[in-house]
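Worksheet: the structure to be examined is printed underneath.
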Amino acid sequence: MEKQNVPEIFGSLVFDDRVMRARLSDKIYNSLRKTIDENVKLDDDVAEAVAVEMRDWAIEHGATHFTHWFQPLTGVTAEKHDSFITPSPDGGVLMEFSGKELIKGEPDASSFPSGGLRATFEARGYTAWDPTSYAFIKDHTLCIPTAFCSYSGEALDKKTPLLRSMQALDKQAKRILKLFGKDVKYVRTSVGPEQEYFLIDKEMFDKRPDLVYTGRTLFGAMPPKGQELDDHYFGVIKPRVSEFMEDLNTELWKLGILAKTEHNEVAPAQHELAPIFSTTNVATDNNQLMMEIMQKVARRHGMVCLLHEKPFAGVNGSGKHNNWSMATDTGVNLLSPGDTPYENAQFLLFLAAVIQAVDEYQDLLRLSVATAGNDHRLGANEAPPAIISVFLGDELSAILDAIKEDKPYAGTEKVQMKLGVDSIPHFSKDTTDRNRTSPFAFTGNKFEFRSLGSSNSIACCNIMLNAAVAESLKQYADELEKADDFEAALHELIKRVITKHERILFNGNGYGEEWIKEAVEVRGLSNLKTTADAMPRLLDKKNMDMLISHKVFTEAEIQSRCEIMLENYCKTVNIEGHAMVEMVRKNYLPAIEGYLYSLAKTTSLMKSVSDKVKCNYETSTMERLSELTDYIMDSVQKLEVALEDLKSYDDIIATSEAVRDKVIPAMDTLRGYVDEAEMLTSERYWPFPSYGKLLFSVN
């Protein structure tokens with residue numbers, strides 16, 4: 001593969017600040033920058049001027065069409081392409097694109113999930129340009145990042161509430177900073193989402209109906225080797241995968257996506273790509289693009305990229321660690337402790353705001369990552385548990401204890417790491433370790449929310465996190481703005497918050513049974529194990545009141561999202577259940593029957609030769625396989641009944657509970673019998689590639 005000049009290609013397909021500064025007049029550029037930086041209303045004349053330059057730039061780069069690129073509640077992106085061509089009087093065409101077309105689009109909204117916000121016959125919807133996220137070219141099409149709403153103004157996408165939540169946090173954070181004598185233009189949250197994924201051979205993928213239909217294996221016995229030896233993690237990247245990664249990086253860099261770190265993950269065939277931090281709405285757009293491009297590039301290399309949270313039972317699932325922080329326009333990270341965090345009152349107040357937010361709205365954070373796929377992942381194989389807690393590490397924990405108890409903080413000295421080899425440089429040991437079992441861990445100058453599933457949009461968790469922290473900051477600003485003695489009031493506020501919300505702080509092993517018992521029975525934390533448990537909590541009064549008060553959602557939007565997410569959960573499992581039934585009836589049972597026939601025929605022939613032949617292997621195998629076919633048949637019939645019963649429920653919450661309590665257990669039982677049968681059946685008769693072939697197919 002031809003080597004690329006990275007600085008030269010980076011952002012080459014993005015209408016970014018460099019392009020705008022070069023192509024727009026100073027007046028137009030400065031006006032647009034003001035809109036981007038300070039949320040000032042966009043002038044129509046500015047939009048028209050930007051549209052002309054954006055069109056010309058796109059055409060110069062080979063674009064023939066444009067689209068408003070948006071993120072409906074399907075979990076994937078959407079686009080409707082229009083060409084630039086307009087007929088001219090002489091029979092030719094003109095290449096046109098107006099400010100009106102830049103600002104507003106009108107996609108049909110009736111076929112997207114709306115949760116009852118729109119009737120099927122009410123088709124009109126609108127897309128509105130998000131100037132804070134740069135336009136880009138993909139597949140010869142100018143893609144304009146937009147928000148998506150209904151004819152009556154309700155948000156039908158993930159971007160609109162995300163922008164609202166960022167605006168809410170910006171407003172309250174600036175109030176707090178003003179109390180510290182700092183006047184800033186804006187406070188923005190930034191995110192660096194680490195993306196995990198699996199790569200398998202496309203030929204193998206095409207032979208697995210469960211992977212084709214659902215993105216995960218619904219059946220499969222474990223191979224002799226999985227991840228036990230830990231030899232894949234950070235191991236040498238295989239040539240075929242390396243070529244994929246190189247190609248992927250090039251495609252991402254062209255789109256201005258800051259792909260930075262790549263490595264093998266723990267499970268066989270599992271990998272990770274991590275970008276550099278960017279503003280949350282831009283990071284959300286980029287992550288959606290990253291997932292799309294991963295899948296396209298993989299197919300170019302004869303592979304399939306699996307983004308399901310748990311494509312293979314028995315090995316690690318894939319997550320998406322959401323590294324979240326807050327920063328001002330002056331570049332100050334509000335979650336940076338500095339050299340003396342104990343003396344950094346501003347940092348401690350923002351830290352307290354996050355702690356309070358996570359404690360009071362732990363259910364919102366949990367439901368923001370709840371999907372049918374992620375339910376399989378949370379709580380096992382290095383994924384954090386469903387219980388939300390905050391890890392701070394020893395130093396910050398000691399600081400907060402000192403504040404809570406009104407005692408002086410002794411401090412933590414830097415320790416020099418000495419490895420006993422003179423030629424290796426000495427270096428300072430960090431004052432706190434990492435905790436891989438924590439769902440929400442402080443990692444130096446940011447929080448890492450580790451519960452997201454690999455296919456999740458990062459918009460959802462950041463909406464809830466931004467809004468919850470904004471609520472904490474609002475309460476603090478309301479109180480401190482009235483204080484006569486700011487420093488005394490600040491100290492008492494931080495002390496009170498730490499004392500009240502210390503139950504959410506936990507530095508230990510999140511996998512231990514003793515923690516689950518302590519968290520629920522002693523501390524009173526939520527343990528929302530499944531989507532069916534978590535999602536209805538969105539409708540709790542405290543959650544609705546907070547989200548509505550900060551104008552992140554309307555009441556109707558909240559109710560619709562609860563319905564949409566539960567409906568998605570039910571439909572996902574329903575598809576999986578029907579796929580299992582089809583595979584068992586059409587493939588697995590006939591395969592086992594074929595092998596049984598072969599065994600019976602072999603046994604009969606062998607005994608006809610000599611009555612001394614015992615045929616112990618054939619007989620015992622036939623007996624167990626025959627028994628298993630009865631169990632499989634009984635289990636598949638029970639699954640069919642459970643799936644059919646779902647049609648009898650009118651209420652989506654009741655339907656989701658039936659999925660959780662009846663359908664999923666029936667699927668698990670059926671899988672257990674089929675997987676056992678796989679270990680007893682000759683590979684020549686087994687209809688689908690095994691786990692071993694899938695996980696070790698890419699060399």
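The model shown is predicted, which means the values in this text are computed figures rather than measured ones.
Not a single ring pair (Phe, Tyr, Trp, His ring centres under 6.0 Å) links Trp129 to another residue, sequence neighbours left out. Every residue two or more places apart in sequence or in another chain that forms a ring pair (Phe, Tyr, Trp, His ring centres under 6.0 Å) with Phe66 is listed here: Phe84, Phe97. Evaluation of the ring pair (Phe, Tyr, Trp, His ring centres under 6.0 Å) rule for His140 yields no partner, not counting sequence neighbours. Taking the side chain to side chain donor-acceptor pair (under 3.5 Å) definition, one finds that Ser190 meets it with nothing, sequence neighbours left out.
Remark: side-chain polar atoms of Arg450 are not paired, donor with acceptor, to backbone N or O of Pro439 under 3.5 angstrom. No side-chain donor-acceptor contact under 3.5 Å links Thr127 to the backbone of Thr146. Side chain of Gln195 to main chain of Ser454: a donor-acceptor pair is present (N/O by atom type, distance under 3.5 Å, no hydrogens or angles). Side-chain N or O atoms of Asn30 include one that pairs as donor or acceptor with a backbone N or O of Asp26 at under 3.5 Å. Side-chain atoms of Arg21 do not come within 3.5 Å of backbone N or O of Asp16 as any donor-acceptor pair. Under a 3.5 Å cut-off, the side chain of His308 and the backbone N or O of Lys310 do form a donor-acceptor pair. Side-chain atoms of Thr328 come within 3.5 Å of backbone N or O of Thr330 as a donor-acceptor pair. A donor-acceptor distance shorter than 3.5 angstrom exists from the side chain of Asp651 to the backbone of Ile653, with no hydrogens or angles considered.
Contact check on Lys138 versus Glu79 returns a salt bridge, with a Lys/Arg side-chain nitrogen under 4.0 Å from an Asp/Glu carboxylate oxygen. Classification of Arg55 and Glu60 as a salt-bridged pair fails, no side-chain N sitting under 4.0 Å from a carboxylate O.
Ring geometry for His271 against Tyr197 counts as tilted: the plane angle lies between 30° and 60°, on a 0 to 90° scale. A perpendicular orientation is assigned to the rings of Phe136 and Trp69, their planes being inclined by more than 60° (bins at 30° and 60°).
Sorted by first then second residue, the ring-ring contact (aromatic ring centres under 6.0 Å, His included) pairs that include residues 449-468, not counting sequence neighbours, are Phe440-Phe449.
Minimum heavy-atom separation, Met20 to Tyr134: CE-CE2, 3.6 Å. Listed here is the closest heavy atom pair of Ala370 and Ala534: CB-CB, 4.3 Å.
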Tell me which donor-acceptor pairs under 3.5 Å the side chains of residues 457-471 have, and how far apart each pair is, sequence neighbours excluded?
from   : atom 1 : to     : atom 2 : distance (Å)
Ser457 : OG     : Ala459 : N      : 3.1
Asn462 : OD1    : Asn322 : ND2    : 3.1
Asn462 : ND2    : Asn322 : OD1    : 3.0
Asn462 : ND2    : Ile458 : O      : 2.7
Asn466 : OD1    : Trp324 : NE1    : 3.0
Asn466 : ND2    : Ser165 : OG     : 3.2
Asn466 : ND2    : Asn462 : O      : 3.1
Glu471 : OE1    : His550 : NE2    : 2.7
Glu471 : OE2    : Gln475 : NE2    : 2.9

